[in-house]
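Scope of the values below: all heavy atoms of this structure, side chains included, with no hydrogens, waters or symmetry mates. Everything numeric in this text was worked out from a predicted model, so none of it was measured. Order of the sequence lines sets the chain letters (A, B, ...), proteins ahead of strands, with each chain counted from 1.
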Amino acid sequence: MENEMEIDDSHSKHRKEEKEGNGKALVVIMVGPPGSGKSTFCDLVMGASSRPWARICQDTINNGKSGTRAKCLSSAIAALKDKKSVFIDRCNLDKEQRADFVKLGSPEVDVHAVVLDLPAKLCISRSVKRTGHEGNLQGGKAAAVVNRMLQKKELPKLNEGYSRITICPSESDVEDAITTYSRLSSQDTLPSGCFGQKSSDAKIQVGIMKFLKKVDPPGSGSGSSMTPNSSPSLPVKEPKVRSEGSKPESFGGVSNEGEKEDPMAVESVADTVALTNSKDDSASLDTTDTLAFPSISTADFQFDHEKASDIIVEKVEEYISKLRNARLVLVDLTHKSKILSLVKSKAAQRNINPEKFSTFVGDITCLYSKGGMRCNVIANAANWRLKPGGGGVNAAIFSAAGPSLEVATKERANTLAPGKAAVIPVPADSPLFIREGVTHVIHVVGPNMNPQRPNCLKNNYDEGCKILREAYSSLFEGFVSILKRSEVQNHRGKRGNNASDQKMKREIVHVEERSKKNKGLKYEVGSGNTDLEQQNKSKSNVNSSKAWGSWAQALYSLAMNPEKHKSDVLETTIDVIVLNDIYPKAKRHILVLARLNGLDRLEDVCQEHLQLLKTMHQVGMNWTERLLLEDDSLIFRLGFHSVPSMRQLHLHVISQDFNSPHLKNKKHWNSFNTEFFRDAVDVIEEVEKFGKPSIQDEGLLSKELRCHRCKSAHPNIPRLKSHINNCKAPFPATLLQNGRLVQGTTKTDADS
DNA sequence: GTTCTAGAAC
DNA sequence: GTTCTAGAAC
């Protein structure tokens, strides 16, 4: 047994056993497909490390030939007995493969995972080129093996039993990890947690990334379908993930001759490559948000095409600047479409950027699968009852989406007035989502000129044009609201997430539209902000939709009658009251309370409160300065909770140590360390620009726990707290910008 | 917002 | 057995 073991011994005799310090042995489980560089990783660390290491390599453990998992286990146990740390150098791609090795952990032995999560194409090319690999995985077969293995890939999670996980999505991350482990002496331990994960769970990415696969260009309009051909053979060719893959008709009359590529590469490798590539920047190529919309009211509702096309172009022009990188596409079924050609020529006349707005001939329910155009949002020319059927686009969309869209629609609105729009997240089980990648349907009801249909305007085009304009405004506003929310999602994605797959999947699809307030109304988008303003004005402090519990009134009564609570108050002005938070969540945690009656929370804030917000911020800054005089090692952040628990708008001024016994649970942590916390500077800027601050969903409060500095994930509050006590990583760049963090003048950016 | 506690997770 | 979370009550 012993003599069969292939264990690379390095430096094992160089050091005497450490009597002092933690001196824990390590089991480092390498995770990665062939060609990811596991052996090289181990060799480099072992060559440089002062810690005694053994490398247990399944490929060579049996007298240079491959052995079994059991053999690796017994060798690892033997090495640990010998006070060595061990590398488990095998693919370990799924949880089950790793489980036995995780069990090697004990009070004396920490178990780590190091994931070499490099792009599949890189591993494949390394494997293919490899000539002297110990596992004899050479030549053409390599690619097939790598692909097959990656399909089973399951990223390790902390709850499998690791004290630390390092994920290396790029070669530079691998180098960093090599350095980290090389420097590890026998006494050293590394901080626990999950490091380096940049994307959300890969399993979700597969679904999303499929939309990035190259498809044929949409040809003559109805679109050619994707090549179904799938050859498992090699050589492997890099599939091109294209953003311009299927261009809609552009106004310049450019023809759509797509270059031909090896379809095999697309089908056989694309999934797995896309899967691993999902962590590359390149993978974000075709994630441009696109709204595909039919012409409203010009079909069954018989609206005049000339007038409608003017309005479409006018509204597109108006909204295009608000859309940043997003695109709008007007879709109709046939080339003969009069409305399409009218809009096309009018848009060209007005020099509307064809990158931002174009027309497309095809079926709006299968733009991706048949037309090769990825549109994450589609509009429906709905009827006022929001019911399926009736023919046309409405029937087609409800039918393509399956019954779940109708259910999702009914959850949010029962009817829709002409000119209004309703944003509906597409349920995850809908073919529209699964097959087409459509995340939202926006129902719009336009003006009706057809006497056979309800609400006929009897040729009153003054009213008709007004409603049609409103309809497009509502539609585009709805799209803008989706874009704003998806920005948050993207942030979350980049930060990574260890939440369960199912939960994440639900979040991605549904979280955007979830809200506690004004069910039914909330999803209806009126033109401009008028609805919201109306709501806020009419709301007053009495009929607020959310009732505040008696325990939630403390700040309110204090703001209204500060003289009754004198002892708690640090400062009172005509506009604000400053007090210590009675349950501080950090060394210093004070509140700046607005004194305006009726201004209960961030949601109530609008343009008229701009000056008050600035005052609150200024008072907060003044106090920050004072607190920094007492302790200039503190760093402060000033902001609001998106959805506060206590009534009366209050600004938190909180030091970023979060060192407090009152910080006890996930909600506490996430309320200050996710986008749920809205920096005062951002709120002020948004109110200046848009009249309202953006408010994030309470769902953020149940996100996994991540360090606010290094973004590593931690399984529970105590572990997070022990991590943040020591984490000296710099703050994320976004926090260092725009004065979101406030620190003493002696501090520099490098210190933070 | 907190406290309390059942029961899940370790 | 102990630790930790999450939901209900306040």
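- Using a 4.0 Å heavy-atom criterion, one finds that A:I582 contacts no nucleic acid atom at all.
- Within the model, atoms CD1 of A:I654 and CZ of A:F677 stand 7.0 Å from one another, a figure rounded to the nearest 0.5 Å.
- Remark: A:S645 OG to A:W551 CH2 distance equals 5.5 Å, nearest 0.5 Å.
- When the nucleotides B:dT2, C:dC10, C:dC4 are ranked by their closest atom to the side chain of A:W551, C:dC10 comes out on top.
- Phosphate proximity of B:dG1 to A:H641: present, with a side-chain N or O under 4.0 Å from OP1 or OP2.
- What separates CG of A:L649 from P of B:dG1 is a distance of 13 Å, to the nearest Å.
- With centres under 5.5 Å and a plane angle under 30° as the test, the ring of A:Y583 is not stacked against the base of B:dG1.
- Crowding of A:R626 atom CZ: a count of heavy atoms from other residues, nucleotides or ligands under 6.0 Å not exceeding 12.
- Whole-Å rounding puts the A:H668 NE2 to C:dA6 P distance at 13 Å.
- Atom CE of A:M646 is separated from atom P of C:dC10 by 18 Å (rounded to the nearest Å).
- Atoms NZ (A:K667) and P (C:dA8) sit 13 Å apart, rounded to a whole Å.
- Looking at heavy-atom distances under 4.0 Å, A:K664 makes contact with sugar-phosphate atoms alone, never a base.
- No side-chain donor from either of A:T573 and A:D575 sits under 3.5 Å from a side-chain acceptor of the other.
- If you run ring pair (Phe, Tyr, Trp, His ring centres under 6.0 Å) between A:F676 and each of A:H668, A:H652, A:H641, only A:H641 comes through.
- Taking atom NZ on A:K721 and atom C1' on C:dC4, their separation rounds to 13 Å, with Å as the unit.
- In this entry the distance linking CG of A:L701 with P of C:dG7 reads 13 Å, nearest Å.
- Closest to the A:K666 side chain, of the nucleotides C:dA6, B:dG1, C:dT5, is C:dA6.
- In this structure, A:L579 atom CG and B:dG1 atom P are separated by 13 Å, rounded to whole Å.
- Rounded to a whole Å, the CG atom of A:L705 is 7 Å from the P atom of C:dT5.
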